[in-house]
Protein chains: 2
Amino acid sequence: MQDVSSHMVRRLQRFVSLTNAELALLADMERDSRAVSAGDWLWQEGDAADTLLVLTEGWSCSARYLPDGSRQLLEIFLPGDILGIGELADGKRRSDVSMLTDGRISEYAYPRLRELFERAERLRSALFVIANQRQAMLAERLVSVARRNARQRLAHFLCECRARLLEPASARQRFLLPLSQQDLADALGMSTVHISRTFSSLACLGLVRRRHYHILILDPARLERLAGFNGAYLQCDPQLLAPEPPAAEIQ
Amino acid sequence: MQDVSSHMVRRLQRFVSLTNAELALLADMERDSRAVSAGDWLWQEGDAADTLLVLTEGWSCSARYLPDGSRQLLEIFLPGDILGIGELADGKRRSDVSMLTDGRISEYAYPRLRELFERAERLRSALFVIANQRQAMLAERLVSVARRNARQRLAHFLCECRARLLEPASARQRFLLPLSQQDLADALGMSTVHISRTFSSLACLGLVRRRHYHILILDPARLERLAGFNGAYLQCDPQLLAPEPPAAEIQ
DNA sequence: CTCAAAAATAAACCTAAGTTATCGCAAGGT
DNA sequence: ACCTTGCGATAACTTAGGTTTATTTTTGAG
């Protein structure tokens, strides 16, 4: 189990433990990455989709743009996240994806993927699990936007970000959230003005502070209670499709 | 291509053409179904999940219940839909699913599934495609709830239902929508009162009429324009993960 | 260090949709 | 024929959050 520092590997190992062979494949997968800048498009709606993409460093997001000029952020991607899983199914990108920060990405084209999947069934299963978790996050955001008020909505989003970070729980009280109030508004279905108001109100309650893209969570427990946050949808224990490797080495 | 009448087969064949061997497997899958009544729970959040479930007849929906007593409908399932795909990944049901109408379901337990997947790779791919399409529908609903006003939201939902029906386009002008205004409100993040108002307003515009759970779409084109509906997310052409069978045997 | 551009805050005002309450109607049971 | 029950419509009133405009604050380029 070398290369512990890779975001992606750490992220995958939340779901499946990996054999050395699989780790080697993954290391290979990340080897030639390229730098990208904040604002760069990774792809746009309708593009042909025959690659997976690993966000080696940096944050990005997917969005839908509406005819009236507004946009809806659908997913936020953190370092180590794998992008474009679902799109493998139908060969077309279904939303625009752009970088929120500078970062690095490495791309994995389809022939290499076929090979990867054939050599590592459990990685394929891991992708299934990840796709599944993404769906759960989307459902949770739908619940937020449809049923929670502005304060709960923002609080819930902050709890989710906190829970998704790879840092140990103790280090998650204070973190970088590289989304402008405009981005947050577009993610949560609110106006920038109301995001600002709502941050003020959360600060008033002594729950959260935000300065220069840095979030400080003052009272995580109370924040989760206010938000109605239950992190269960972010966990998973994938016993069914991904049996543990018998012993020493595998398939 | 026997058993054309099966909802599920017709639904799957929107994505992949099936060999006789696969059709036989599916027929087997639906053979022993059991009747269920409107309101019955198919499962609840937290239940162990080691089965797939085919909705042979009838409509159902998945929902999240919130501490304040309100609920959010997440997905609407139509006859032929396969339920519980994502849950295979982590072995726990993540939302409550109940029947909207009387119907029939047939269950497929895990050992049989393993067998199914091993014998029919393209069916496994089809499941991936379906899971993917579900995610697209969820994303679209998030956009609806976050960005569209009540009229567009309801219009969009009706367009989506219309598009999902198996009937040929010509027969979709008038259809049964077995959701009460309460259900619609819970699905679209509105109040029942406002659902009522909004139906009135759509009727006023000469677009839609609803009586006793029956929808009549008077002007589909104008309705789609009003809703900003683009059905692309419901199609898909799954070339990547599901290569066509060699030759002779196709459908 | 300066200045322009971008981002955040603040205040005043507005509106879409929620809430509450009442009434009508159709379907089923007795 | 009568009552009950559930669903839908309508009206009056309230409110959360949007919009607009103006005023800071921060950032970043030179």
Side-chain angles (χ1 to χ4, degrees), chain A residues 37-39 66 68-73 98 100-102 144-158 176-205 208-216 226-227, chain B residues 37-39 66 68-73 98 100-102 144-158 176-205 208-216 226-227:
Chain A
S37 307
L66 285 107
D68 69 355
S70 69
R71 70 172 183 167
Q72 178 61 37
L73 294 201
S98 62
L100 288 164
T101 67
D102 294 347
S144 253
V145 172
R147 300 281 150 203
R148 299 196 243 258
N149 64 28
R151 227 159 44 196
Q152 296 178 305
R153 221 181 286 181
L154 182 54
H156 193 280
F157 183 79
L158 295 175
L176 176 77
L177 181 72
L179 282 80
S180 67
Q181 294 196 350
Q182 181 65 64
D183 296 327
L184 290 166
D186 290 348
L188 299 176
M190 310 169 46
S191 65
T192 56
V193 177
H194 206 51
I195 291 282
S196 177
R197 284 199 276 242
T198 306
F199 264 120
S200 303
S201 123
L202 286 177
C204 251
L205 294 171
V208 169
R209 267 169 31 210
R210 170 177 189 270
R211 279 183 74 84
H212 319 330
Y213 295 90
H214 281 271
I215 298 291
L216 172 62
L226 171 81
Chain B
S37 307
L66 285 107
D68 68 354
S70 68
R71 70 172 183 166
Q72 177 62 35
L73 293 201
S98 62
L100 289 164
T101 66
D102 295 346
S144 254
V145 172
R147 301 282 152 202
R148 300 196 243 256
N149 63 29
R151 220 150 59 188
Q152 295 178 307
R153 222 182 285 182
L154 181 55
H156 193 280
F157 184 78
L158 294 176
L176 176 78
L177 182 71
L179 281 79
S180 67
Q181 293 195 349
Q182 181 65 63
D183 295 328
L184 290 166
D186 290 347
L188 299 176
M190 309 168 45
S191 65
T192 55
V193 177
H194 207 48
I195 291 282
S196 175
R197 285 198 276 245
T198 307
F199 264 120
S200 303
S201 124
L202 286 176
C204 250
L205 294 170
V208 170
R209 265 166 35 207
R210 170 177 190 270
R211 280 182 72 86
H212 316 327
Y213 296 91
H214 281 272
I215 298 291
L216 172 61
L226 171 80

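Since the model is a prediction, treat every value here as computed from it, not as a measurement. Reminder, nothing fancy here: chain letters follow the sequence lines and each chain counts from 1.
One N or O on the side chain of A:S200 and one on the backbone of A:S196 form a donor-acceptor pair closer than 3.5 Å. Using modelled atom types, no side-chain atom of B:D186 and backbone atom of B:Q72 make a donor-acceptor pair closer than 3.5 Å. A:R148 contributes no side-chain N or O that, together with a main-chain N or O of A:R153, makes up a donor-acceptor pair within less than 3.5 Å. A donor-acceptor pair under 3.5 Å is formed between the side chain of A:D183 and the backbone N or O of A:S180.
Counting distance only, with no hydrogens placed and no angle test, the side-chain atoms of A:R197 and the base atoms of D:dG18 include a donor-acceptor pair under 3.5 Å.
In this structure, the CZ atom of B:R148 is 18 Å from the P atom of C:dA16, given to the nearest Å. To the nearest angstrom, C1' of D:dT25 lies 9 Å from NE2 of A:H212. Distance, A:R153 CZ to D:dG17 C1': 9 Å, rounded to whole Å. If you take CZ of A:R209 and C1' of C:dA8, they are 16 Å apart, rounded to a whole angstrom. To the nearest angstrom, P of D:dG17 lies 10 Å from CZ of A:R151. Note: OH (A:Y213) to P (D:dT25) measures 18 Å, nearest angstrom. The distance from atom CG of B:L154 to atom C1' of D:dA9 is 15 Å, rounded to the nearest whole Å. For A:H214 and D:dT26, the NE2 to P distance is 14 Å, given to the nearest whole Å.
Among the protein residues, B:R211 comes within range of no part of the nucleic acid, since none of its heavy atoms lies under 4.0 Å from any strand.
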Worksheet entry | Pair B:V208-B:L154, side-chain contact (heavy atoms from CB on, under 4.5 Å): steps then yes or no | CA-CA 10 Å; B:V208 170; B:L154 181 55; over 6 Å; no
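For the pair A:R151/A:L205, a side-chain contact is recorded, criterion being any heavy-atom separation below 4.5 Å from C-beta on. Between B:L176 and B:T101 the shortest side-chain heavy-atom distance does not fall below 4.5 Å.
By the 6.0 Å and 45° rule, B:R210 stacks over the aromatic ring of B:Y213.
The stretch residues 187-196 of chain A comes close to DNA chain D through A:G189, A:M190, A:S191, A:V193, A:H194, each having a heavy atom under 4.0 Å from the strand. Only A:S180, A:Q181, listed by number, bring a heavy atom of residues 177-184 of chain A to less than 4.0 angstrom from any atom of DNA chain C.
A donor-acceptor contact closer than 3.5 angstrom is absent between the side chains of A:R211 and A:H214.
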